[in-house]
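Let me begin by presenting the structure, written as structure tokens, before commenting on it.
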Amino acid sequence: MANDRATFRATLIGAGAILLWASLAVFTAFTGPVPPLQLTALTFTIAFALALCTWLARGENPLRHLRLPLAAWALGIFGLFGYHALYFIALKLAPPVEASLINYLWPLLIVVFSALLPGQNQDGRLRWFHIAGVALGLLGTLVLFVGRGVQFDPAHLPGFAAAFACAFTWSSYSVLSRRLPDVATDSIGGFCGAAALLAWIGHGLFETTLWPTESLHWLAIVALGLGPAGGAFFLWDIGMKRGDIRALGSMAYAAPLLSTLLLILFGKGEFSLRIALACALIVGGAILGANDLWRKKP
């Protein structure tokens, strides 16, 4: 029973990351002229600063959280920096809607890859409701994006490949983090610092520096670093290491839906029957795919 409670709490904490990721598009829309790699560098720098302040406030030596196995550093940089670098490449080489659609295969891949981690449900196997849940979530995401006029042009294949690499990178990072249970969540701060350094180098090589021109832009950047492009990674790490991976994989399809609803709320879109249908499919899929979680609820 105690283990069930701990799994339930960790899964809810991981779900908090999904809620934060839903605000990514809205906050990004208010960041002004800042180019992608510079924006990535700024947000990861803020996330690292948040971790550093937390360690110092607790009276801890920051180096304690940076002394990690090489495998942990490799996985952390692969996941955080690799995913975001590929994501921005995908957006450069393919239309954003199509790139986002392919990128959101990662929740489905998390559920599939979790079959390599025995013990995620009572008999360690994928069950019908896991597959059905992610299928409904994927269908809802298709409804959400296809209604905007998705067209797959062969000329965009390199961008599509980068978007699929995004999905593979984040799903494999998420599942493999389960194999490093002894690496504390505080280590995410170090990964953010390393990702920030790589992003600053990439920005210096490939972009022209453009700083925010309004206070609103700075507020949006700080919000990104504290939330969807920073703080969320700490919550996700707890969910992946201690929670129900398959439940979180199903719930993750809520991110594009909630993102769309927030954009509508802030005047960046209009509500429609298509969005209502996507909502029903995604929410239904999340509930079905998280059947293990509801059965474990204390």
Side-chain angles (χ1 to χ4, degrees), residues 20-53 73 76-104 106 148 151 153 155-170 173 188-233 255-256 259 262-263 266-269:
L20 288 175
W21 286 329
S23 65
L24 179 64
V26 168
F27 285 139
T28 302
F30 291 101
T31 55
V34 182
L37 283 176
Q38 184 185 352
L39 181 60
T40 303
L42 285 168
T43 56
F44 275 125
T45 299
I46 292 169
F48 175 69
L50 173 65
L52 185 62
C53 291
W73 278 109
I77 294 173
F78 166 74
L80 270 63
F81 178 75
Y83 170 80
H84 288 84
L86 286 167
Y87 184 71
F88 288 128
I89 290 172
L91 293 183
K92 262 188 179 300
L93 300 180
V97 172
E98 287 91 325
S100 295
L101 174 60
I102 297 172
N103 169 61
Y104 268 104
W106 67 259
R148 299 178 186 176
Q151 295 181 355
D153 186 337
H156 298 140
L157 283 177
F160 298 154
F164 180 78
C166 284
F168 178 84
T169 298
W170 190 252
Y173 160 75
I188 299 297
F191 302 155
C192 288
L197 178 61
L198 290 173
W200 281 121
I201 293 173
H203 165 65
L205 291 174
F206 302 113
E207 294 179 337
T208 300
T209 301
L210 294 173
W211 294 105
T213 56
E214 300 177 12
S215 57
L216 178 62
H217 300 161
W218 280 112
L219 288 173
I221 291 171
V222 172
L224 283 171
L226 296 178
F233 303 135
S259 176
L262 281 174
L263 288 171
F266 281 87
K268 302 294 184 179

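Here CG of L224 is found 11.0 Å from CG of L219. Values are rounded to the nearest 0.5 Å. Rounded to the nearest 0.5 angstrom, C166 SG and I89 CD1 are separated by 8.0 Å. With rounding to the nearest 0.5 Å, the separation of OH in Y83 from CH2 in W106 is 7.5 Å. Distance check: N103 CG to F160 CZ gives 13.0 Å after rounding to the nearest 0.5 Å.
Annotation: side-chain contact (heavy atoms from CB on, under 4.5 Å) contacts of A165 (sequence neighbours excluded): L86. F164 pairs by the side-chain contact (heavy atoms from CB on, under 4.5 Å) definition with I102, L105, not counting sequence neighbours. When the side-chain contact (heavy atoms from CB on, under 4.5 Å) test is applied to P158, the partners found at least two apart in sequence or on another chain are L93. The ring-ring contact (aromatic ring centres under 6.0 Å, His included) search around F191 returns W73, not counting sequence neighbours. For W211, there are no ring-ring contact (aromatic ring centres under 6.0 Å, His included) partners, not counting sequence neighbours. P36 meets the side-chain contact (heavy atoms from CB on, under 4.5 Å) test with F88, E207; sequence neighbours excluded. Considering only residues two or more places apart in sequence or on other chains, T209 meets the side chain to side chain donor-acceptor pair (under 3.5 Å) condition with H203.
In plain terms, the two heavy atoms of A196 and F44 that are nearest each other are CB-CB, 3.6 Å. Closest non-hydrogen pair, G159 versus A90, comes out as O-CB, 3.6 Å. Closest approach of L80 to A195, counting heavy atoms only: CB-CB, 4.5 Å.
Around CZ of F168, the count of heavy atoms belonging to other residues, nucleotides or ligands within 6.0 Å does not exceed 12.
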### Task
Check step by step if side chain to side chain contact (heavy atoms under 4.5 Å, CB included) holds for T169 and F81.
CA-CA 10 Å; T169 298; F81 178 75; over 6 Å; no
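Ring pair F233/Y173: centre-to-centre distance not below 6.0 Å.
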List the atom pairs, donor and acceptor, that lie under 3.5 Å between side-chain atoms in residues 22-33 and the rest of the protein, sequence neighbours left out.
unit_1 : atom_1 : unit_2 : atom_2 : d
S23    : OG     : L20    : O      : 2.6
T28    : OG1    : L24    : O      : 2.7
T31    : OG1    : T28    : O      : 2.7

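A side chain to side chain donor-acceptor pair (under 3.5 Å) check over residues 34-45, counting only residues at least two apart or in different chains, returns the pairs T45-W200.
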